[in-house]
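Because the structure is a prediction, the values reported are computed rather than measured.
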Amino acid sequence: MVLEKLERVTRTGENQWEARCPAHADNAPSLSLTTGYKRPVVVDCHAGCDYSSVVAALVGLGVDEGIARGESSALRVRLRAVPDQPSKPVLPPLMEEQEDHYLQWHDRFVARSKVPGSQEEAAWDFLTGERGLALGTIEHFKLGYIARSQTGRITFPVRVRGKLYNVRRYRPHATESKMISWEGQGSPALLYPLQVLQERPATVPVLFCEGEIDALLANQESKDLFVAITGTGGAKTPPPDLSSLKNRRVFIAYDCDSAGTAGAEKLRERLVAAGAVPFVLDLTRLGLSSDSREDISDYFLRHGGTAEKLTQAMERAAEAEDESAEDRRLARVEFAAENLRVQQEARLMVAAEGWRPPVTTGTLAEQLARDPEPTQWHWPGLMQVSWNVLVIAQAKAGKTTLALNFLRSLADGVQLFDKYQPDPLAEGRKIAWWNAELSESQAMDWVRDLGVSNAPSVVPLHTRGQRMPFTVPAIRDWTVGWLRENNVAFWIIDPMSALYTGDENSNSEVGAWLNAIDEIKLAAGVESVMLIHHTGRTDDDENLHARGASRLEGWADLPLIFVGQKQERRYLRTPSVGRDVEVNVGLDYVPVSRSLVAVDGASRTGDKKRALALAAADAIWALDEGKTFTATALQAELPGAKPEPKRAAIRLAVSEGWLAEEPGQRNSTLYSRGPVAPRTARLNGPKRE
């Protein structure tokens, strides 16, 4: 019903075909059709034909209009957006009402061309005498004539696969509007005469002329060495549909004037976009004068031009284009190479900014011969001088409160968490707190609650809303100056996310920012840096990591993980392996002083185990006295999926006397109330108030 009306139909798969699109001059099949059981046919023009053009073309081929419009649900036209393609139809409307008239105009033209004094005789003399067209050319392309009272016009029927879409009309010797389209048929422009492309193999070169008569004369004189076409929109308006020229060599021979030069370049660009291989012919090399408005017809009629010489000029143009294309390619390669060299030089220059040669201290033997320098600590057993400290804090754990507890301990010389005694800073050295999260008034309220007594040793800088791209030289230099001016030894950056400007997940960008901190630290004489950051979101407290790039944890000499929320117990610990110090301490929060106080024997792991042991004891003590649970039944009462933590918690409950165990039948173990009531014991030992 549809396939039988199309040309060049080929099956490409199950329920899939391809064919020439009836809506445009389709040299290679660009229409795909897909169907299935009880499904409509889907037609997709890969050249971008719009719905109305496809429907009109199908109807023109004899497909029922209701089917073509999809009203019978037997056909659907799916449109494909094609970049840089015009939105207007690829073909003008069909001229069915003129389908017979153009032949009548042709027959009358031939018949009356011998009538002395007639308009037809004058037009015939113009075509054959002045423009050199032979009778065979006029007959083959069905040129006709429409007579008027004063003067008429020569007609050039424009056909696409046998269908009439335009009639171009030419008035000889007119000063303006020499060639016009039939009313309503001028847009879009079409290729003319299109049939010559199907009459000769695709390997034959194409000569693209500026006018219709030029193209007809060139075809007449071609000796089958090339085919000639033009566009019906003039030099300024190339046809939008050039798909029939895809993969063909096209030689543009426009008039010798500025309009021809500009039009040829415009057409060349359109042909490249359509997949053709275009070349622009310089007709002055064939004897035509520059800026003379001479054209390809003048070449044949007035300069003794031949098809052979023109073909040789085409080959020379192609060879020159190939050579110039290679020259352009080499120039582009050299330009790109120079850009790469400049970029590499710039990267090296940036990498060298602020670089200082490292201090050399002799051979290994010389270094071992010197007395070892004692390790310097801010808090012995916890944090050494010169370290980069990364505090990775869980959301709402109180990361700023933790940072301020470090600040107060170092400033006032009091124990950190009532556990770690600080070594005092050198005389005159200060602590910098870069507060990027709290407002200034709120920050001061929190500091007052802490009761920092040695306030002159602390230099707060409130940077809320202020980004700090330390990689920018001006910002790096300002920061160095500020830290030097304030004689800062310990620098707290709270938090990273409020000051960092790059991609948090990029190791290269985060690494550059951290390297800039190291450079600032060295240049400003800062001893240690504490960077506050967030953990990633996860329910697995045992495997917490810094949010974003892994480069963060590699930068830190001491990573500290801080977890807990609101009024619950908080925990500070180091990662499980690979560190010079180990920290695993439970901290209770004292709201009135915003202090964090270490709890003897408390740790995240131990407290979890103890809480699970209490849950096991509660399950047993909820039973009537004398009742028992088997080990399996007791484990089923406890939260979680892993059996080993449950078994460890039950063993702890037995050791605390909360549970009693005895053997049961078939090697089972029974649990009952122990001698010690579980809730008479403190969960985590004595708390410090």
Taking all heavy atoms of [X] and all of [Y], pick out the closest pair and write down the distance.
X	Y	result
Ser409	Tyr420	OG-O, 4.4 Å
Pro645	Leu612	O-CD2, 3.5 Å
Arg673	Leu623	NH2-O, 2.9 Å
Lys646	Leu638	NZ-O, 3.3 Å
Ala393	Lys399	CB-CB, 3.4 Å
Asn405	Leu416	O-CD1, 3.5 Å

Under a 3.5 Å threshold, yes or no: a donor from one side chain and an acceptor from the other, between [X] and [Y]?
X	Y	result
Gln344	Arg341	no
Thr400	Trp446	no
Glu661	Thr669	no

> Do Trp379 and Leu410 have side chains that get closer than 4.5 Å, going by heavy atoms?
Replying inline: yes
>> Taking ring pair (Phe, Tyr, Trp, His ring centres under 6.0 Å) as the criterion, tell me which of Trp387, Phe406, Phe490 meets it with His378.
In response: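 So the option named by the test is Phe490.
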>> Just verifying a value: how many Å separate Gln415 CD and Lys419 NZ, rounded to the nearest 0.5 Å?
In response: 9.5 Å
>> If I take atom CD from residue Gln442 and atom CZ from residue Arg464, how far apart are they, to the nearest 0.5 angstrom?
In response: 7.0 Å
> What is the ring orientation for Trp434 with Phe470, classed by angle as parallel under 30°, tilted 30 to 60°, or perpendicular over 60°?
Replying inline: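 Trp434 and Phe470: tilted rings.
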>> Please determine whether a side-chain nitrogen of the Lys or Arg among Lys521 and Asp518 lies less than 4.0 Å from a carboxylate oxygen of the Asp or Glu.
In response: no
> Which of these, Val599, Leu587, Asp588, sits in a side-chain contact (heavy atoms from CB on, under 4.5 Å) with Phe417?
Replying inline: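 When Val599, Leu587, Asp588 are each tested with Phe417, the side-chain contact (heavy atoms from CB on, under 4.5 Å) holds only for Leu587.
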